[in-house]
Chemist: 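Handing you a structure now.
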Number of protein chains: 2
Amino acid sequence: MSKKRSECPISNSLEIFGDKWSLLIIRDLIFYQKSTYGDFLKSDEKIATNILASRLLALEENGIIEKREHPDSKAKILYRLTHKGIDLLPIIFEIHLWAEKYFTIPADIQEMVNDAKKNKEVALKTIMEQLRKQLEEEVMAV
Amino acid sequence: MSKKRSECPISNSLEIFGDKWSLLIIRDLIFYQKSTYGDFLKSDEKIATNILASRLLALEENGIIEKREHPDSKAKILYRLTHKGIDLLPIIFEIHLWAEKYFTIPADIQEMVNDAKKNKEVALKTIMEQLRKQLEEEVMAV
DNA sequence: CATTTGCACTTGCAAAATGCAAGTAATTTT
DNA sequence: AAAATTACTTGCATTTTGCAAGTGCAAATG
């Protein structure tokens, strides 16, 4: 982590997730149930493997994600959002709402958020509750 | 503007403002009444002059900001957020709320948003109204 | 139980983006 | 008329990103 550019909370936040990849990894963790290195590599945007490694490390160092033992295999690593990471959901949701207004959204994605739009606050709370539950279920951090 | 990585609305959005500088320029336009090239250069984060030029151009090409004649001088250029740019306020506000939870925020900034926090929806609407009014007042785009 | 496959990375190198310092050209001020 | 402002541009060094190939351990396969 390099030195802070300023004391501005927006600036400090952007130093953590203000790049073209971090929020996509977080999106995958929240909306697509992705949780392993291989899962992230497979995303449509085709992140380079070394970039993925560096982003995962940075996100971990910044307390946004954490590594867990994978229940299926010792060869796998399970990545989970921390509470700090889960709290990024409202930001991602607002980005989605903005995008919806100015881009054409694929139907399947649109469908996924239609319910949430009806009652934003409640829907966000529900998704965040679920993510938090996941966090508590599996106890062994690696 | 390079080719889209995917159809994902989050990804498409990040291709516009997913970098370490764009949202700071937008922050300056919204919260600090900055509106000229020189204003942006003076911000605490010390953006390099060529980077500022490239970001302003990209934001303009993406319809987030627009250039206006400056009322004081022909040597100056007035940058304004478009409606599309104004609509980014909720995202920035959520980033602020997140930052508030996980960072120490300077008192002067904290004060600025305390009112807004009490009634988020209304406060955002009010700020956005003001920005829209600015947009309509000055008619001559350059 | 030896071999292949899967998984999470690392490494080396090319290309692109960023950052710094110094210009430039058109105003505007003195 | 000269100096200062303003919005940039340019050249070059540094950093980050991207691609392709490789590594080492775990697990599945013959």
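Proteins get letters first, then strands, A, B, ... in listed order; numbering begins at 1 in each. Keep in mind it's a predicted model, so treat the numbers as computed, not measured.
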Chemist: Can you identify which nucleotide, out of C/dG19, D/dC8, C/dC9, has its nearest atom closest to the B/Ile77 side chain?
Modeler: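 Nearest to the side-chain atoms of B/Ile77, counting from C-beta on, is D/dC8.
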Chemist: Please state whether the phosphate of D/dG18, meaning OP1 or OP2, lies under 4.0 angstrom from any side-chain nitrogen or oxygen of A/Trp21.
Modeler: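 For A/Trp21, the contact criterion (side-chain N or O under 4.0 Å from OP1 or OP2 of D/dG18) is met.
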Chemist: Return the nearest nucleotide to the side chain of B/Tyr79; candidates are D/dA27, D/dC8, D/dT10.
Modeler: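 Shortest atom-to-atom distance from the side chain points to D/dC8.
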Chemist: Please tell me which of the listed nucleotides, C/dT28, D/dA26, C/dC9, lies nearest to the side chain of A/Lys67?
Modeler: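 Looking only at heavy atoms from C-beta outward on A/Lys67, the closest nucleotide is C/dC9.
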Chemist: If you check the A/Thr36 side chain, which of C/dT27, C/dA8, D/dT9 turns out closest?
Modeler: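 For A/Thr36, the side-chain atoms sit closest to C/dA8.
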Chemist: Between P on D/dT9 and CD1 on B/Ile47, what's the gap in Å once rounded to a whole number?
Modeler: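 Distance check: B/Ile47 CD1 to D/dT9 P gives 14 Å.
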Chemist: Classify B/Asn50 by what it touches in the nucleic acid, base, sugar-phosphate, or nothing, heavy-atom distance under 4.0 Å.
Modeler: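 It contacts base atoms.
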Chemist: Looking at the side chain of A/Ser73, which of D/dA27, D/dT10, C/dA17 is the nearest nucleotide?
Modeler: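 Closest of the options to the side chain of A/Ser73: D/dA27.
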Chemist: Within less than 4.0 Å of OP1 or OP2 of C/dA17, is there a side-chain N or O belonging to B/Arg55?
Modeler: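 So the side chain of B/Arg55 is outside the cut-off, no N or O lying under 4.0 Å from OP1 or OP2 of C/dA17.
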Chemist: Please walk me through it: do B/Trp98 and A/Phe17 pass ring pair (Phe, Tyr, Trp, His ring centres under 6.0 Å)?
Modeler: CA-CA 12 Å; B/Trp98 182 83; A/Phe17 57 77; 5.4 Å; yes
Chemist: Using the side-chain heavy atoms of A/Ala75, tell me which of these nucleotides is nearest: D/dA27, C/dT10, D/dG18.
Modeler: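 The nucleotide sitting nearest to the side chain is D/dA27.
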Chemist: Salt-bridged, A/Glu94 to A/Lys120, with N to O below 4.0 Å?
Modeler: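 Salt bridge present between A/Glu94 and A/Lys120.
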Chemist: Rounding to an integer number of Å, can you tell me how far B/Leu41 CG sits from D/dT6 P?
Modeler: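 Roughly 11 Å, once rounded to whole Å.
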Chemist: Check the distance between D/dG11's C1' and B/Ile51's CD1 and give it to me in whole angstrom.
Modeler: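 Computing the B/Ile51:CD1 to D/dG11:C1' distance gives 14 Å.
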Chemist: Could you give the CG-to-C1' distance, from B/Leu57 to C/dA17, as a whole number of Å?
Modeler: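 My rounded result for the distance is 15 Å.
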Chemist: With nearest nucleotide decided by heavy atoms, which residue, B/Leu56 or A/Lys46, maps closer to the 5′ end of DNA chain D?
Modeler: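 The 5'-side residue here is B/Leu56.
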Chemist: Can you tell me how far P of D/dC8 sits from CZ of B/Phe40, to the nearest Å?
Modeler: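 B/Phe40 atom CZ is separated from D/dC8 atom P by 10 Å.
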Chemist: Which one, D/dA7, D/dA27, D/dG18, comes nearest to the side chain of B/Lys76?
Modeler: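 Nucleotide nearest to B/Lys76's side chain: D/dA7.
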Chemist: Taking 4.0 angstrom as the limit, do A/Asp87 and A/Arg132 come out as a salt bridge?
Modeler: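 A/Arg132 and A/Asp87: salt-bridged.
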Chemist: Roughly, in whole Å, what's the span from CG in B/Leu59 to C1' in D/dA7?
Modeler: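 One finds 16 Å between C1' of D/dA7 and CG of B/Leu59, rounded.
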Chemist: How many whole angstroms separate atom CD of B/Glu45 from atom P of C/dT18?
Modeler: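 My rounded result for the distance is 16 Å.
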Chemist: Please tell me which of B/Tyr37 and A/Thr49 maps to the more 5' nucleotide of DNA chain D, matching each residue to the nucleotide holding its nearest heavy atom.
Modeler: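 By nearest-heavy-atom nucleotide position, the 5'-most residue is B/Tyr37.
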Chemist: Does a salt bridge link B/Arg27 with B/Glu45, judged by any charged N lying under 4.0 Å from a carboxylate O?
Modeler: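 So B/Arg27 pairs with B/Glu45 through a salt bridge.
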Chemist: Determine, using ring centers only, whether A/Phe40 and A/Trp21 are less than 6.0 Å apart.
Modeler: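 No: the rings miss the under 6.0 Å criterion.
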Chemist: Distance check needed: D/dA7 P versus B/Lys34 NZ, whole Å only.
Modeler: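 Going from B/Lys34 (NZ) to D/dA7 (P), I get 13 Å.
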